[in-house]
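Excluded from the calculations below are hydrogen atoms, water molecules and symmetry mates; all remaining heavy atoms, backbone and side chain alike, are included.
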Amino acid sequence: MKNRANRKRGSTRHGRFPDPRTSASIAHVELRQRIRSRSNNAWMFFLALILAGFSFVVFDLGRELAPGNGEWQSYVAPVFVLGLLGIIVYQGLNGVGLAPTNKSWLLTVRPPKDVMGGQLLFRFCETLLGALAPTVAFFLGLSLTIGSPLPLLGGVAVALLVNAVGTVIGHPLGLWLKGIYKRHGISRKVVVIVGIPLAVGYAAFLYTGGIAVAIERLQPVVVNSPLGWIEDLALVTTPGSGARASRAAALLLGSVVFSAIATFGAVRISVYTWYADGSSQDGDETPTDDQSSTEPLLGQVLRVGPLSEGTRGVATASIRRTYRSGHVLVLVLGLLLVAGVPVAEQIITTGKAPRYTPWIVLFYGVSLAGSFHSLNILGVQGKTLPLVLTARVTGRQFVNGHVVAGTAALAPIATVLVVASGIAARWTVFEIVLAGALSPLAVCLGAMVATGIGTRLPRYRSPSVHRSSGVIRPDKVATVSYSVWCSVTLFVLFVLVDAKLRYALASVTGLSEALYAVSALAGLAVVGLSAIVSYRSAVARVSEYRLD
Amino acid sequence: MVEFAIQTENLTKRYGDETAVDSLSLTVPSGAVYGLLGPNGAGKTTTLRMLTTLTEPTSGEATVAGVPITNCVGVTERIGYLPAEPPVFEALTGREQLRYAGRLQELPTDVATERIDSLLEQFDLEADADRRISDYSTGMRKKVGIIGTILHEPDVVFLDEPTSGLDPRAARTVREMIKQLTERDTTVVLCSHVLPVVEEIADVVGVIHDGELVAEGTPTEIRSSANSAPDLETAFLDITTDEDEIDSDADTLDYHEKPS
């Protein structure tokens with residue numbers, strides 16, 4: 001083989017620890033890619049706003065406190081430990097869901113240790129601002145209170161330490177779980193079914209004041225363990241805080257050693273996961289029985305009635321894609337759990353479902369009928385859009401196909417659930433029959449309206465069909481518009497069906513119940529008209545659609 | 001200098017019950033262009049993945065540039081690999097992407113800059129080098145990928161469909177580039193479905209079918225072995241037609257012939 005003079009063969013590739021320079025290069029390019037990615041701008045701006053608001057609050061808090069007061073100081077360590085747990089969870093999710101860009105190519109250029117080193121560094125940078133900003137804000141407030149910049153040093157040291165330790169624990173942990181998933185062929189649906197309750201639990205924890213409770217409970221445990229030394233490190237540069245420098249130094253040294261060992265472990269885990277074979281040579285899931293059991297049923301349903309071949313084809317493809325998409329499953333189960341928890345809670349407490357339950361169910365069904373695919377019938381085609389535009393299928397058949405898909409898949413389920421929940425909420429027979437009869441209509445109207453809104457308010461004027469980009473998500477304005485339509489429609493139906501609501505409205509406003517009933521009927525006509533207009537608009541848009 | 005750039009012996013890869021590559025034994029002389037052919041799903045990509053250390057074989061042995069493929073670091077510093085989908089960062093410019101590739105290959109900055117400029121010129125990409133890759137066409141991305149693959153002058157280059165998506169001029173540049181590489185003793189393993197290209201530049205052709213190496217030799221030998229086929233494409237179709245497919249074709253023929 002040739003002897004190439006300019007190749008420093010083996011100079012940094014060997015060894016077990018990531019090469020810092022190469023890792024920095026990999027992290028630098030990943031960061032640059034992230035910062036330049038235009039699609040992240042809105043999200044980054046939103047996060048920056050939240051971070052700025054939160055930092056302002058903790059800055060104020062820092063200004064109000066004085067060192068030497070043991071009461072607040074004893075909460076410093078638990079707060080940082082909670083932050084550490086948050087970073088571990090976030091980085092763990094990153095480890096499960098995200099891989100280095102161009103991973104396969106990178107692994108033929110650099111050994112896994114350097115690729116993993118780059119990943120850890122990139123992930124560290126990704127959460128750095130989130131860890132630093134509130135910490136700096138708090139200690140800046142404290143510094144201003146006591147008139148010395150020294151407290152900032154301790155705060156910054158702890159923020160860096162927490163971020164580093166959280167990253168080297170969380171990311172490899174997530175990657176390891178992913179490795180287990182890949183190596184043992186665990187179904188994606190099992191992961192979703194396990195993951196959703198965890199995610200809902202996490203959200204419930206955040207929104208029900210769980211953080212304050214957790215800090216209270218953590219406080220005695222943390223303070224009496226070496227984790228309590230975080231307080232010493234954070235306040236070691238704050239005059240009059242009583243923090244012990246020896247503990248601060250021990251924590252700093254221990255964290256450096258721990259991070260080094262964890263990085264070494266992360267490299268081992270990266271080899272375990274990145275070199276795991278999928279269930280087949282291309283990593284595609286092989287068809288399973290559960291896919292074949294539902295689809296023929298829907299296929300047979302679609303064969304009933306005077307549907308054209310084009311409409312049936314579009315509808316079948318839409319249902320198949322939705323059914324096989326993990327994201328949709330997340331949406332379906334996630335929303336169901338969020339809506340289901342308060343209802344279940346009331347059933348357990350009072351023995352009956354809340355009166356509004358059927359409306360929640362129907363709102364859920366109509367929302368899904370739109371978000372199924374109907375709200376994004378062009379964007380959801382991705383790179384296959386030219387196939388649709390050049391096929392014999394007409395614009396009307398294309399729109400019909402999506403309306404049929406949404407209705408066929410959701411109307412029966414929504415109707416059954418509305419009737420069942422009406423019984424559970426002890427509605428009258430008349431109300432149950434009326435709501436049951438209106439449910440499939442509402443779902444169908446929802447799908448019709450969504451097609452119009454989605455085609456007139458696309459995320460991009462024309463999706464790119466040349467690149468490897470996949471499906472384009474619906475536009476936010478379209479999503480909000482459709483949600484508003486759903487809310488208005490459901491309110492109209494609610495007033496029309498529910499005599500108690502009409503009575504309550506009449507009592508408050510002084511108008512007659514009959515007027516509300518007539519208004520609701522008129523509203524229903526407007527809703528129907530809006531669906532027809534929206535549907536026709538979608539047909540026209542698709543028929544005349546051209547790529548940019 | 002090793003005699004064979006690539007040697008495999010009973011190289012096998014199984015995914016569960018499915019055998020992707022079955023007891024593959026082949027040798028690629030140093031400095032040769034080896035055309036690895038096969039129908040879709042025949043096992044070409046899996047073979048490339050094993051030879052580039054991306055996938056561990058289930059059994060068997062192989063060396064690349066004299067280094068066993070179990071030695072991941074030893075192999076990767078001697079190879080260049082271009083997957084079918086070029087590995088590029090959308091948000092970087094072409095030049096930034098190539099500088100990054102040079103840094104990962106530990107090329108000194110001046111050497112990398114000189115080579116990048118030269119290759120950009122060779123591939124007619126100089127004028128667009130400072131535009132973001134997200135604005136590039138498929139062919140331009142492929143060119144960036146190819147330059148990144150050969151930038152560090154590896155001993156063995158694996159090219160998966162290097163000419164797909166390229167216009168005729170760029171495709172010719174790639175063919176000439178491959179010839180230049182072999183003049184410098186670089187070994188090229190070429191996976192392609194563009195059989196005239198393979199016939200033109202490959203010294204040796206191996207045909208994989210259902211995970212097995214079913215034919216190997218020079219393009220002329222391959223044609224001769226396939227009933228003196230007029231070209232490599234005809235020979236390939238002849239070699240990779242399954243017996244049951246032949247039976248099926250015969251049955252169909254019989255059926256149509258019966259009325260007469």
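- Within residues 99-112 of chain A, the residues having any heavy atom less than 4.5 Å from a heavy atom of chain B are, in residue-number order, Thr101(A), Asn102(A), Ser104(A), Trp105(A), Leu106(A), Leu107(A), Thr108(A), Val109(A), Arg110(A), Pro111(A), Pro112(A).
- With chain A as the partner, the residue from Arg14(B), Glu96(B), Arg103(B) showing the most heavy-atom pairs under 4.5 Å is Glu96(B).
- Looking at Tyr100(B), only its side chain comes within 4.5 Å of chain A, counting heavy atoms on both sides.
- Asn71(B) CG: more than 12 foreign heavy atoms inside a 6.0 Å radius.
- For Phe124(A), the ring pair (Phe, Tyr, Trp, His ring centres under 6.0 Å) test picks out no residue, with sequence neighbours left out.
- Between Val29(A) and Gln97(B), the closest side-chain pair of non-hydrogen atoms is not below 4.5 Å.
- Inter-residue side-chain proximity for Glu106(B) and Arg13(A) is flagged as met; some heavy-atom pair is nearer than 4.5 Å.
- The side-chain contact (heavy atoms from CB on, under 4.5 Å) test applied to Ser25(B) returns Glu9(B), Asn10(B), not counting sequence neighbours.
- Val75(B) does not touch chain A: none of its heavy atoms, backbone or side chain, sits under 4.5 Å away.
- Considering only residues two or more places apart in sequence or on other chains, Asp128(B) meets the side chain to side chain donor-acceptor pair (under 3.5 Å) condition with Arg131(B).
- In this structure, OG1 on Thr93(B) lies 6.5 Å from CZ on Arg36(A), to the nearest 0.5 angstrom.
- Highest contact tally toward chain A, considering only Thr53(B), Leu54(B), Leu92(B), Leu82(B), is held by Leu54(B) [criterion: heavy-atom pairs under 4.5 Å].
- Residue Trp176(A) places its CH2 atom among 12 or fewer non-hydrogen atoms of other residues, nucleotides or ligands, all under 6.0 Å distant.
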